[in-house]
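The block underneath contains the structure these notes are about, expressed in structure tokens.
Just so it is clear, the values below take in all heavy atoms, side chains as well, and ignore hydrogens, waters and symmetry mates. Just so it is clear, the model here is predicted, and its values are computed rather than measured.
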Amino acid sequence: MTIPNDTAAAGAPVRVRFAPSPTGNLHIGGARTAIYNWAFARRNGGSFILRIEDTDPERSTPENTAQIIRSLRWLGLEWDEGPEVGGAYGPYLQTERFGTYREALERLRQRDAVYPCFCTPETLAAKREAALAAKSYAGYDRNCRTIPADEAQARIDAGEPHTWRLKVPLERGDVVFDDLVFGTTTFPATQLDDFILVRTDGTPTYNYVVCVDDALMGITHVIRGDDHLSNTPKQILVYEALGAPLPQFAHLSMILGADGKRLSKRHGATSVEAYRDEGYFPEALLNYLALLGWSLDGETTLFGADVLTGNFSLSRISRNPAIFDEAKLAWVNASYLKEMGAAAFVDALLPYLKREGLTREGSAATPASPEEVAADVAANRPWYEALYPLIAERAKTLAEVLPMLAYLFAGDELVLDEKSVEKCLRVEGADEALARTQNALADERLPWETEAIEAALRSIPTELGIKPKLVFQAVRVAICGNMVSPPLFESLELIGRTRTLARVERALALLS
RNA sequence: GUCCCCAUCGUCUAGCGGUUAGGACACCGCCCUUUCAAGGCGGAGAUCACGGGUUCGAAUCCCGUUGGGGAUGCCA
């Protein structure tokens with residue numbers, strides 16, 4: 001095995017990695033870490049590598065790996081090496097690298113940097129508790145370090161269960177490193193213990209494999225969550241034992257929930273896919289996450305991926321933990337919705353229409369097939385694009401759009417909101433207003449266009465001597481089923497003359 | 001217990017020895033208006049966690065305290 005000796009040298013091409021453990025889906029925090037790594041690589045003309053840390057067979061699943069990959073792609077992140085794309089430093093799944101870890105252990109044995117430990121988990125636990133009770137450091141007491149080599153080998157040959165521990169040089173001293181985000185960080189030598197590299201069952205531990213892989217893959221900058229800050233000194237010791245050059249470290253503070261606690265299921269949606277399903281745009285999530293802990297200039301809040309990859313720098317990363325603010329994410333998303341334009345909007349809406357089986361002429365009671373929906377959208381593109389201005393300034397997410405436009409897809413089965421009926425329909429003058437509306441709209445000479453419709457209805461309040469609000473709110477409830485809806489005249493045009501008149505008729509019948 | 005890290009409006013942040021402490025979200029008011037939004041204008045909101053220093057001068061530098069987070073696993 002060859003460990004490159006010059007990768008961390010100044011001027012070497014940047015190589016960074018995102019190394020998720022597939023024990024769950026890609027969550028907000030992981031996504032941000034991936035985004036920063038990716039942006040750093042792109043900004044510096046380096047390589048972004050994806051490595052799956054699936055060494056825990058209990059909790060890792062191929063499904064989780066697949067979902068993490070899907071989420072990263074959805075966000076628009078492309079890796080230069082990793083699953084699905086390959087690369088010269090593979091394989092990129094740790095479970096496929098066990099041979100490499102065994103070789104690395106062999107190398108460490110030759111360098112006298114490890115030793116077998118025969119302590120049982122029980123005795124270890126007992127000692128730890130005793131140390132805690134004595135209010136002192138609870139690390140390993142190096143009990144097996146002094147076992148003579150031949151005796152140790154004999155016990156191994158006899159089949160005695162053992163782990164392999166790192167033989168931390170006694171004269172090592174404090175571990176000091178310069179974190180690119182947190183600055184100089186010092187861990188006292190008294191806190192360093194001979195931790196386990198290889199378990200009884202022969203599988204390697206995280207703090208060990210992460211170093212072997214980062215060294216072998218030539219990683220120059222390790223950018224990761226600050227829950228690993230305390231692991232860094234251990235890993236530095238492994239690099240030293242391996243004789244590998246040290247990468248630079250940059251730790252990212254955690255993302256917290258609204259209560260200031262670490263983000264978890266209790267806080268609702270935490271996975272990238274959940275936000276996708278709720279109708280958030282990948283560009284918006286990327287934008288918001290990039291801003292959660294990093295700033296371009298303190299002023300700019302809306303920017304695209306190109307701005308990020310063109311300006312990202314570790315020095316502008318904030319050290320304090322950030323609370324995830326869903327309201328601001330929603331606002332960012334709304335900004336993208338307002339800017340995306342009708343064509344892109346229809347494309348984005350299509351999956352939602354398919355999911356609900358909605359078509360122009362369909363009805364809520366009889367959902368159309370996805371094929372029928374696609375065909376309807378293709379055949380009536382202008383009609384669908386006309387929806388965009390109605391909701392672009394009203395909805396924050398795609399998921400909010402369909403309920404807002406339900407009246408356009410209700411066919412002849414529009415359900416009237418009871419409260420709206422009481423407030424706007426069952427009132428003095430509403431029946432007269434509807435009758436006049438019916439009259440005006442029934443005239444075949446009236447072009448069925450927003451402007452003409454508006455012109456035809458505008459005069460009604462004056463003629464009746466009542467407030468415009470009374471008339472239009474009555475018509476709104478009759479047509480849209482609710483006192484709150486997108487713009488009225490545009491809606492009438494989209495619904496069509498026949499159906500509009502039918503709805504007015506129905507409302508009138510309700511009142512008589 | 002031991003060790004490490006953090007601390008500016010409710011939230012995300014700008015600030016890197018001299019500023020009326022800036023911006024964004026959220027909030028409040030007004031305007032616009034047939035609803036809801038969007039938009040425009042304006043407002044409130046931070047004794048820069050607290051206490052000591054250093055300095056002519058500190059949100060910015062140092063020390064301590066408090067609070068929060070992390071590590072201390074044969075998890076990652």
Side-chain angles (χ1 to χ4, degrees), chain A residues 19-23 53-56 58-60 94 117 119-121 124-125 128 131-139 161-165 179 181-183 185-188 190-193 195-201 203-207 209-210 225-234 251 253-254 256 258 260-262 288 291-302 316 318-325 327-332 334 338 391-396 404 420 424 457-458 461 467-477 480 482-489:
Chain A
S21 173
T23 53
E53 310 221 324
D54 55 351
T55 53
D56 181 356
E58 300 284 304
R59 302 189 300 148
S60 301
Q94 288 185 328
C117 169
C119 297
T120 64
L124 255 19
R128 189 177 310 117
L132 242 37
K135 300 176 192 268
S136 66
Y137 177 60
H162 62 283
T163 60
W164 286 93
R165 288 184 181 271
D179 190 273
V181 171
F182 287 106
T185 309
T186 305
F187 287 84
T190 53
Q191 297 290 317
L192 308 170
D193 73 347
F195 61 98
I196 292 173
L197 264 28
V198 178
R199 304 181 185 101
T200 309
D201 66 2
T203 59
T205 61
Y206 164 76
N207 279 123
V209 295
V210 74
D226 87 355
D227 45 341
H228 289 300
L229 193 59
S230 305
N231 284 328
T232 305
K234 292 184 174 188
H251 287 92
S253 55
M254 304 271 90
L256 311 174
K261 301 286 183 203
R262 199 171 167 160
Y288 176 70
L291 223 38
L292 202 61
W294 177 81
S295 64
L296 178 59
D297 54 15
E299 306 278 296
T300 313
T301 50
L302 260 20
R316 290 196 68 84
S318 169
R319 277 182 291 278
N320 29 337
I323 291 176
F324 186 78
D325 182 3
K328 188 156 185 177
L329 201 215
W331 175 82
V332 172
K338 264 177 281 198
I391 55 82
E393 286 169 355
R394 264 163 267 269
K396 285 185 158 63
M404 259 178 211
S420 299
C424 303
L457 301 187
R458 274 288 175 204
K467 288 192 167 174
K469 181 170 180 170
L470 195 83
V471 175
F472 297 125
Q473 282 299 82
V475 177
R476 185 186 306 281
V477 174
C480 305
N482 199 291
M483 56 196 283
V484 176
S485 85
L488 186 56
F489 305 119

Quiz prompt | Partners passing side chain to side chain donor-acceptor pair (under 3.5 Å) against A:Y206 (at least two apart in sequence or in another chain) | solution = A:H228
Quiz item: Now, which nucleotide makes the Watson-Crick or G-U wobble pair with B:rC36, with each of the two distances under 3.5 Å?
Solution: none
Practice problem: Could you work out the separation of B:rG22 and B:rC9 based on their C1' atoms and round it to a whole Å? | Solution: 12 Å
Quiz item: Who pairs with A:Y137 by ring pair (Phe, Tyr, Trp, His ring centres under 6.0 Å), at least two apart in sequence or on another chain?
Solution: none
Quiz item: Rounding to the closest angstrom, what is the interatomic distance between B:rA37 and B:rC32 at atom C1'?
Solution: 12 Å
Exercise. Please state the C1' separation for the pair B:rA44 and B:rG10 - nearest whole angstrom.
Key: 13 Å
Self-check item: Paired nucleotide for B:rA24 [Watson-Crick or G-U wobble; both distances under 3.5 Å]
Solution: B:rU11
Quiz prompt | B:rC31 and B:rA24, which share atom name P, separated by this distance in whole Å | solution = 23 Å
Exercise. Using the P atom on both, measure B:rA21 against B:rA46 and round to a whole Å.
Key: 13 Å
Quiz prompt | Partner set under salt bridge (Lys or Arg N to Asp or Glu O under 4.0 Å) for A:D193, not counting sequence neighbours | solution = none
Quiz item: For RNA chain B, which nucleotides open and close the run of contacts to chain A, 5' to 3', at under 4.0 angstrom from a non-hydrogen atom?
Solution: B:rG1 to B:rA76
Practice problem: Taking salt bridge (Lys or Arg N to Asp or Glu O under 4.0 Å) as the test, write out the residues that go with A:R316, two or more places apart. | Solution: none
Quiz prompt | Listed partners of A:R59 passing salt bridge (Lys or Arg N to Asp or Glu O under 4.0 Å), at least two apart | solution = A:D56
